[in-house]
Amino acid sequence: ANIGIHFGSYRSILTESLANNLESFVESENYTINYYSDTRYPNSAGLFEIIPDPSSGFNVVGSGISSGSLTPTEPLDRLILVSGLNDGWHIYAEDSRKLRDNLSSGRLTLKETLVP
């Protein structure tokens, strides 16, 4: 699907299905949340990884879009919630492999797993 707008840097978007059903997905409690501290942002509220349960129907929650592209280039399987100092809470899609890499490198530290 062509999104009609191109940006100069990589970005992620939620799938249309999840975006249209985000409230019901959250209310379903059909997911697990991992809470991490992030050494890159030591004064932040941390990073929350939302892992959809396979039965939720949202195994792919978003798509990555390469710089300059108008079309999604890779499926993303996690939702991430972060809080910025100026922008408040923000949700975006991410690849679980990137999270594993950040854990292995020591950038992220798992603090707690939360099950609704």
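What you see below is based on every heavy atom in this structure, not just the backbone, and it leaves out hydrogens, waters and symmetry mates.
- Placement of L103 and L99 within a single hydrophobic cluster is found when ILVMFWY residues are connected by side-chain heavy-atom separations under 4.5 Å, directly or transitively.
- Atom-to-atom distance recorded for S56:OG and N21:CG is 11.0 Å, nearest 0.5 angstrom.
- With contacts defined as side-chain heavy-atom distances shorter than 4.5 Å, the pair I80/I91 does not qualify.
- Nearest heavy-atom pair, A45 versus S83, reported as atom, atom and distance to 0.1 Å: CB-CB, 4.3 Å.
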Please determine whether salt bridge (charged side-chain N to carboxylate O under 4.0 Å, His left out) holds for the pair D38 and R40, giving the CA-CA distance in whole Å, both sets of side-chain angles, and the decisive distance to 0.1 Å. CA-CA 5 Å; D38 187 341; R40 187 179 288 174; 5.5 Å; no
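- Nearest approach of V60 to P75, heavy atoms of both residues: CG1-CB, 3.9 Å.
- When hydrophobic clusters are built by joining Ile, Leu, Val, Met, Phe, Trp and Tyr residues whose side-chain heavy atoms come closer than 4.5 Å, directly or via intermediates, F48 is not grouped with V115.
- What you find for S66 and R11 is that their closest heavy atoms are O-NH1, 4.1 Å.
- Of all the heavy atoms in S69 and T71, the pair that sits closest is OG-O, 2.9 Å.
- Taken to the nearest 0.5 Å, the NZ atom of K111 stands 13.5 Å off from the CG atom of N34.
- Taken together through direct or relayed side-chain contacts under 4.5 Å among Ile, Leu, Val, Met, Phe, Trp and Tyr, L47 and L114 form parts of separate hydrophobic clusters.
- Residues T73 and S63 have side chains not in contact (no heavy-atom distance under 4.5 Å, counting atoms from C-beta outward).
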Identify all side-chain donor-acceptor contacts of residues 13-20 below 3.5 Å with residues at least two apart in sequence or on another chain.
| from | atom 1 | to | atom 2 | distance (Å) |
| --- | --- | --- | --- | --- |
| T15 | OG1 | L18 | N | 3.1 |
| N20 | ND2 | E16 | O | 3.2 |

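- Between Y31 and F25, the two ring planes are tilted [angle within 30° to 60°].
- Of the inter-residue distances, the one linking I51 atom CD1 with I33 atom CD1 reads 9.5 Å to the nearest 0.5 angstrom.
- Not a single donor-acceptor pair under 3.5 Å links the side chain of N102 to the backbone N or O of L108.
- Between E29 atom CD and E27 atom CD the span is 9.0 Å, to the nearest 0.5 Å.
- Taking 4.5 Å as the limit, every side-chain heavy atom of V61 sits out of range of all side-chain heavy atoms of I50.
- Of the inter-residue distances, the one linking E94 atom CD with E49 atom CD reads 9.5 Å to the nearest 0.5 angstrom.
- Under the 4.5 Å side-chain criterion, counting only non-hydrogen atoms from C-beta, Y41 is not in contact with V82.
- Residues Y92 and L76 fail the side-chain proximity criterion, which asks for heavy atoms closer than 4.5 Å.
- Interatomic distance, OG1 of T113 versus OH of Y35, reported as 12.5 Å (0.5 Å rounding).
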